[in-house]
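Everything below concerns the one structure shown next.
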Amino acid sequence: MQDLSITRAELDKIDKEIINLYKKRLKCVEEVAEYKIQTGKPVLDPEREQQKLDVLASMGDSEFDDEAIRQMFTQIMAISRKRQYQIIKSNELESNDYGEQIEKFNFKDCNVVFQGVEGAYSQAAMKKFFGNDVNGHAVPTWKDACEELKNGRANYAVLPLENSSQGIVAENHDLLAEYGLFIVGEQVISIDHALLGIKGAKLDDIVTVYSHPQALMQCNGYISEHGLEPKALKNTAMGAKFIKENGDKACAAIAGEINAELYDLEILDSKIQDIKDNMTRFVIVSARKEYEKAANKVTCFFEIPHSKGSLYSSLSHLIFNNINLCRIESRPSANGEWEYRFFVDFMGNLSDLNVKMALYGLKRETTKLEILGNYVSV
């Protein structure tokens, strides 16, 4: 058996040879980039790349070799494209495709819309972000809130995007994409659900409980334990308003305790959610594409071909440019069956060079890319 140190020395020698050859290859890649600048040809040619990979993969001595060669050259070609993007991008004039950078937002005298009625968690998030003196008004649905922005009846809207126990609010992800809204801030608030009944009601009287579907899910254990029948409404505070107007002792609402005071109700039980450390992340959205100089978090979505490795290839632009990915979610795309839209949060500012490079490559290797905001992370 050969001494391990001898084998390692041989591997070191081979590695150096590979590196020298790879440097030569990158020089050729730079020449290809210069040619493509002159001719306007796209960096990515999927058909030629696959033909090249098929030829290279046929040079192995076994099935394992063939697949290993294919994977290795897939990575080599991906890095080559990134180098070409760097060169091509450096030859282009600076553009402001994704929004205008400003020093700081001035929220004084702005009009803000939230979904629900007085006492909604969206209202609580709005007041925490803008202050108690904010000019806020309510609309029945989240879509209505987006319409308020679209038609200029509000400057900003407050939308829940995800909950720590129940995950994303899927409808609002879709609305962000549909309306082309821009996230300018985020606010996280603690969600403590209370069971509210009309004056004089007792816990034993309750048969039916009303609330938003997510709140009902967040309290599913409590609801099951007490044998209650859940009924969904569009908002937690709407449940409180409904039982007050209904006046039935057998009906209760799951909502924040503030609604007991607002609607003159009894607090029958407190903190009834199954997971006690329950948080909801709200985003502040605008119809204007602006971001602060201090913004350090980007939200975007992209769509990709339904092919092997396309998601990995897309995300590799973030990895290669040393960008920290915070969150990724998928939603069905409107393009057809089994096509998906990926929502991504990552750290950075749209004016940062590494972010520009990542987005430049990402835009050219996805079928669609939209920036949904750049804001200060909380």
Checklist entry - Is a side-chain N or O of N111 found less than 3.5 angstrom from the main chain of N155, in a donor-acceptor match? => result no
Next on the checklist: If you count every heavy atom of other residues, nucleotides or ligands that lies below 6.0 Å from K199 atom NZ, does the total exceed 12?
Outcome noted: yes
Item to check | Where A255 and L196 come nearest, the two heavy atoms and their spacing | outcome: CB-CD1, 4.2 Å
Checklist entry - Charged N to carboxylate O below 4.0 Å: is that the case for R70 and D54? => result yes
Next on the checklist: Looking at every heavy atom in both G200 and D205, which two are closest together, and how far apart are they?
Outcome noted: O-OD2, 4.3 Å
Item to check | Separation between CD1 of I18 and NZ of K23, rounded to the nearest 0.5 Å | outcome: 13.5 Å
Item to check | Test item: side-chain donor near acceptor, E118 and Y263, under 3.5 Å | outcome: no
Checklist entry - If every non-hydrogen atom of K241 is compared with every non-hydrogen atom of E245, which pair is closest and at what distance? => result NZ-OE2, 2.8 Å
Item to check | Donor-acceptor contact present, side-chain Q123 to main-chain G119, <3.5 Å | outcome: yes
Checklist entry - So, do V117 and L262 sit near enough that their side-chain heavy atoms are less than 4.5 Å apart? => result no
Checklist entry - Can you name the closest pair of heavy atoms from M238 and G116 and give their distance? => result CE-CA, 4.0 Å
Checklist entry - Okay, side chain of D65, backbone of M59: is any donor-acceptor separation there less than 3.5 Å? => result no
Item to check | side chain to side chain contact (heavy atoms under 4.5 Å, CB included) between Y291 and V298, intermediate numbers included | outcome: CA-CA 10 Å; Y291 62 97; V298 176; over 6 Å; no
Checklist entry - Between atom OG1 of T366 and atom CZ of R341, what is the distance when rounded to the nearest 0.5 Å? => result 12.0 Å
Next on the checklist: Same cluster or not: I284 versus Y121, using hydrophobic residues (I, L, V, M, F, W, Y) connected whenever any side-chain heavy atoms lie under 4.5 Å apart?
Outcome noted: yes
Checklist entry - Is any side-chain heavy atom of M126 closer than 4.5 Å to a side-chain heavy atom of V134? => result yes
Item to check | Heavy-atom donor-acceptor pair, K36 side chain to V43 backbone, under 3.5 Å | outcome: yes
Next on the checklist: For a quick check under 3.5 Å, do N374 and Y98 share a side-chain donor-acceptor pair by atom type?
Outcome noted: no
Next on the checklist: Testing the 3.5 Å rule here: is there a donor-acceptor pair between the side chains of E67 and Q71?
Outcome noted: yes
Item to check | Check: K276 side chain, K271 main-chain N or O, donor-acceptor pair, under 3.5 Å | outcome: yes
Checklist entry - Step by step, would you call Y222 with D269 a side chain to side chain contact (heavy atoms under 4.5 Å, CB included)? => result CA-CA 10 Å; Y222 184 92; D269 209 345; 2.7 Å; yes
Item to check | Backbone of M347 reached by a side-chain donor or acceptor of N296 within 3.5 Å | outcome: no
Item to check | Minimum heavy-atom distance between Q214 and H212, given as atom pair plus value | outcome: N-ND1, 3.0 Å
Next on the checklist: Looking at L53, I want to see if its CG is surrounded by more than 12 non-hydrogen atoms of other residues, nucleotides or ligands under 6.0 Å.
Outcome noted: yes
Checklist entry - Got a sec: does the NE2 of H306 have more than 12 other heavy atoms crowding it under 6.0 Å? => result no
Next on the checklist: So does R153 get a backbone contact from the side chain of N151, meaning a donor-acceptor N/O pair under 3.5 Å?
Outcome noted: no
Item to check | Transitive ILVMFWY side-chain link L26 to F73, under 4.5 Å | outcome: yes
Checklist entry - Do other residues, nucleotides or ligands put more than 12 heavy atoms under 6.0 Å from Y35 OH? => result no
Checklist entry - Would the number of heavy atoms belonging to other residues, nucleotides or ligands and lying under 6.0 Å from CG of N322 be above 12? => result no
Checklist entry - Using the ring of each side chain (for Trp, its six-membered ring), is F242 parallel, tilted or perpendicular to Y210, with breaks at 30° and 60°? => result tilted
Item to check | Other residues, nucleotides, ligands: >12 heavy atoms within 6.0 Å of D277 CG | outcome: no
Checklist entry - When you look at CD of E17, are more than 12 heavy atoms from neighbouring residues, nucleotides or ligands closer to it than 6.0 Å? => result yes
Checklist entry - Just wondering, do I183 and L176 contact through their side chains at under 4.5 Å, heavy atoms? => result yes
Next on the checklist: Looking at R288, I'd like to know if its CZ atom is crowded, meaning that more than 12 non-hydrogen atoms belonging to other residues, nucleotides or ligands lie closer than 6.0 Å.
Outcome noted: no
Checklist entry - Does Y85 have R81 sitting over its ring (NZ/CZ under 6.0 Å from centre, angle to axis within 45°)? => result no
Checklist outcome for this item: When rounded to the nearest 0.5 Å, the distance separating OG1 of T367 from CZ of F302 is 10.0 Å
Checklist entry - Side-chain contact, heavy-atom cut-off 4.5 Å: L195 with I254? => result yes
Item to check | L149 with F182, same ILVMFWY side-chain cluster at under 4.5 Å | outcome: no
Item to check | Donor-acceptor under 3.5 Å (D345 side chain, C326 main chain) | outcome: no
Next on the checklist: Any salt bridge linking E178 with K143? Criterion: basic side-chain nitrogen under 4.0 Å from a carboxylate oxygen.
Outcome noted: yes
Next on the checklist: Once rounded to the nearest 0.5 Å, what's the spacing between atom CG of N172 and atom SG of C146?
Outcome noted: 7.0 Å
Next on the checklist: For A215 versus T236, what's the shortest heavy-atom pair and its separation?
Outcome noted: CB-CG2, 3.7 Å
Item to check | Heavy-atom check, side chain of L56 versus side chain of M77, under 4.5 Å | outcome: yes
Checklist entry - Which of parallel (below 30°), tilted (30 to 60°) and perpendicular (above 60°) describes F105 and F107? => result parallel
Next on the checklist: Determine whether a donor-acceptor pair (N or O, by modelled atom type, separation under 3.5 Å) exists between the side chain of Q115 and the backbone of P140.
Outcome noted: yes
Checklist entry - Which distance, rounded to the nearest 0.5 Å, do you find between the CD of Q75 and the OG of S313? => result 8.5 Å
Item to check | Nearest-0.5 Å distance, CD1 of residue I304 to CG of residue L369 | outcome: 12.0 Å
Next on the checklist: Tell me if a side-chain donor or acceptor on E266 pairs with a main-chain N or O of A201 at a distance below 3.5 Å.
Outcome noted: no
Checklist entry - Got a sec, which residues hit side chain to side chain contact (heavy atoms under 4.5 Å, CB included) with E225, two or more places apart in sequence or on another chain? => result none
Checklist entry - Same cluster for V285 and F130 if Ile/Leu/Val/Met/Phe/Trp/Tyr side chains link at under 4.5 Å? => result no
Item to check | Side-chain touch S314/L362, heavy atoms, less than 4.5 angstrom | outcome: yes
Next on the checklist: For the residue pair T299 / Y375, report whether a side-chain donor-acceptor contact shorter than 3.5 Å exists.
Outcome noted: yes
Checklist entry - If two hydrophobic side chains count as joined below 4.5 Å and joins carry through other members, does V344 share a cluster with I371? => result yes
Next on the checklist: Centroid separation under 6.0 Å, is that true for the rings of Y156 and F129?
Outcome noted: no
Next on the checklist: Do V184 and E290 have side chains that approach each other closer than 4.5 Å (heavy atoms only, starting at C-beta)?
Outcome noted: no
Checklist entry - Side-chain contact, heavy-atom cut-off 4.5 Å: I206 with H226? => result no
Counting only pairs under 3.5 Å, give me each side-chain donor-acceptor contact of residues 159-169, with atom names and distances, residues two or more places apart or in other chains.
| from | atom 1 | to | atom 2 | distance (Å) |
| --- | --- | --- | --- | --- |
| E162 | OE2 | R281 | NH1 | 3.1 |
| N163 | OD1 | S165 | N | 2.8 |
| N163 | OD1 | S165 | OG | 2.7 |
| N163 | OD1 | Q166 | N | 3.0 |
| N163 | OD1 | Q218 | NE2 | 3.3 |
| N163 | ND2 | N278 | OD1 | 2.9 |
| N163 | ND2 | M279 | O | 3.1 |
| N163 | ND2 | T280 | OG1 | 2.8 |
| S164 | OG | M279 | N | 2.8 |
| S164 | OG | M279 | O | 3.3 |
| S165 | OG | N278 | OD1 | 3.3 |

